[in-house]
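Below: one structure, written as structure tokens.
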Amino acid sequence: MNGRKVMRYEVERKFLVAHAGWREQAVSRHRLTDGLVGEFAGGKVRVRLDEERAWLTVKGRREGLSRPEFEYEIPRDEAEDMLRLVCETCLIEKTRHCVPHDGLVWTVDEYGGSLAGMVLAEIELEHEAQVVALPDWLGREVTADARFRQSTLLRLAREAGRPVTLTEVIAAPL
């Protein structure tokens, strides 16, 4: 191989959360702030900041459960400036909980700010055909539902001028 890094693909499934049974199984949590830098042809660029580090992520168009993903760690002060100067109306605040189940680690995101009250769970897979045991606290799968993309959730909250409820998101036109 000519020294070129192999492209990383993110393979994930996303679900609504039916009840709080996951809380007693959570092993860690951390706060994240995401800023949407831009969207293009089904992809996006975001800046993310947590308690310890900051990074830029470029995600390509989704095909099935997969999409190309590139991440680059960046200086914290630059990420803070991007969030403040570039992403001020496209910010997502959430607490991410790591919840082990059947040999895999699920992430349960509790949103704050303009998406306060929204709770979604995700699992990253090694390949699209991977069989996954679903925890009993999961609700409906929303992987392919455009209403549950973060950019759509942000748009709905901006249009409403307040945090949107799960019922409002489900009622939104596709």
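Judged by distance alone, the side chains of S66 and E128 do bring a donor and an acceptor atom under 3.5 Å apart.
Under 4.0 Å is where a charged nitrogen must lie from a carboxylate oxygen, and between K59 and E69 at least one such pair does. Here D50 does not pair with R96 in a salt bridge; the nearest charged N to carboxylate O distance is not below 4.0 Å. A salt bridge is absent between K94 and E110: the closest approach of a Lys/Arg side-chain nitrogen to an acidic carboxylate oxygen does not fall below 4.0 angstrom. Ion pair R84/E80 not flagged as a salt bridge, since none of the NZ, NE, NH1 or NH2 atoms sits closer than 4.0 Å to an Asp/Glu carboxylate oxygen. E168 and R162 are joined by a salt bridge, as a carboxylate oxygen and a charged side-chain nitrogen come within less than 4.0 angstrom of each other. Ionic pairing of R155 and E159 is present here: one or more N-O contacts between side-chain nitrogen and carboxylate oxygen are shorter than 4.0 angstrom.
Closest non-hydrogen pair, A54 versus P75, comes out as CB-O, 4.3 Å. For the residue pair G113 and E93, the shortest heavy atom distance occurs at N-OE1, 4.1 Å. Minimum interatomic distance between H101 and A133 (heavy atoms only, all atoms of both residues): CD2-O, 3.2 Å.
Counting non-hydrogen atoms of other residues, nucleotides and ligands closer than 6.0 Å to CD of E73 gives a total above 12. Within 6.0 Å of CZ in R29 there are 12 or fewer heavy atoms belonging to other residues, nucleotides or ligands. Other residues, nucleotides and ligands contribute at most 12 non-hydrogen atoms within 6.0 Å of the CZ atom of R61. The environment of E126 atom CD is sparse: at most 12 non-hydrogen atoms of other residues, nucleotides or ligands sit within 6.0 angstrom.
At a threshold of 4.5 Å between non-hydrogen side-chain atoms, the residues V47 and C87 count as touching. With a 4.5 Å cut-off on side-chain heavy atoms, L134 and F15 count as touching. Within the 4.5 Å cutoff, side-chain heavy atoms of E12 are placed close to those of R62. Residues L91 and S114 form no side-chain contact, since every pair of their non-hydrogen atoms from C-beta on lies 4.5 Å or further apart. Side-chain contact between E39 and S151 is present, with heavy atoms from C-beta onward closer than 4.5 Å. Side-chain atoms of R158 and C90, non-hydrogen and from C-beta on, do get closer than 4.5 Å to each other. The side-chain heavy atoms of Q150 and Y111, taken from C-beta on, include a pair separated by under 4.5 Å.
Note that CZ of F70 is 10.5 Å distant from CZ of R8, once rounded to the nearest 0.5 Å. Taking CZ from R147 and CD1 from I170, the interatomic distance works out to 7.0 Å, rounded to the nearest 0.5 Å. With rounding to the nearest 0.5 Å, the separation of CG in L49 from CG in D34 is 9.5 Å. Rounding to the nearest 0.5 Å places OG1 of T95 at 4.0 Å from CZ of R31. M118 CE to T165 OG1: the interatomic distance, rounded to the nearest 0.5 Å, is 7.0 Å. Atom CD1 of I123 is separated from atom CG of L65 by 12.5 Å, given to the nearest 0.5 angstrom.
Checked options V142, L138, V169, V119; the residue passing with L16 is V142 (criterion: side chain to side chain contact (heavy atoms under 4.5 Å, CB included)). Evaluated for a side chain to side chain donor-acceptor pair (under 3.5 Å) with R13, the options E124, E122, Q130, E141 yield exactly one hit, E141.
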Exercise for the section: For the pair V27 and V99, evaluate side chain to side chain contact (heavy atoms under 4.5 Å, CB included) and give the outcome as yes or no after the intermediate values. Expected result: CA-CA 6 Å; V27 295; V99 184; over 6 Å; no

Practice task
Under the side chain to side chain contact (heavy atoms under 4.5 Å, CB included) rule, what do V17 and W106 come out as? Steps first, then yes or no, please.
Solution key: CA-CA 12 Å; V17 174; W106 289 77; over 6 Å; no

Practice task
With side chain to side chain contact (heavy atoms under 4.5 Å, CB included) as the test, would you mind laying out the steps for V108 and L120 before giving the verdict?
Solution key: CA-CA 6 Å; V108 177; L120 297 172; over 6 Å; no

Problem - Working for side-chain hydrogen bond (donor to acceptor under 3.5 Å, both in side chains), residues E63 and Y9 - result: CA-CA 11 Å; E63 292 185 24; Y9 274 82; over 6 Å; no

Exercise for the section: Would you check, one step at a time, whether the test side chain to side chain contact (heavy atoms under 4.5 Å, CB included) holds for V45 with F40? Expected result: CA-CA 8 Å; V45 178; F40 59 92; 3.9 Å; yes

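L83 and V86 end up in the same hydrophobic cluster when Ile, Leu, Val, Met, Phe, Trp and Tyr side chains are linked at under 4.5 Å. No continuous path of ILVMFWY side-chain contacts below 4.5 Å connects V132 to V105, so the two sit in separate hydrophobic clusters. Two different hydrophobic clusters hold I92 and W55 under the rule that ILVMFWY side chains link at heavy-atom gaps under 4.5 Å. In the hydrophobic cluster analysis, where Ile, Leu, Val, Met, Phe, Trp and Tyr join through side-chain heavy atoms closer than 4.5 angstrom, V58 is grouped together with L56.
Contacts of R67 classified as side chain to side chain donor-acceptor pair (under 3.5 Å), with partners at least two apart in sequence or in another chain: none.
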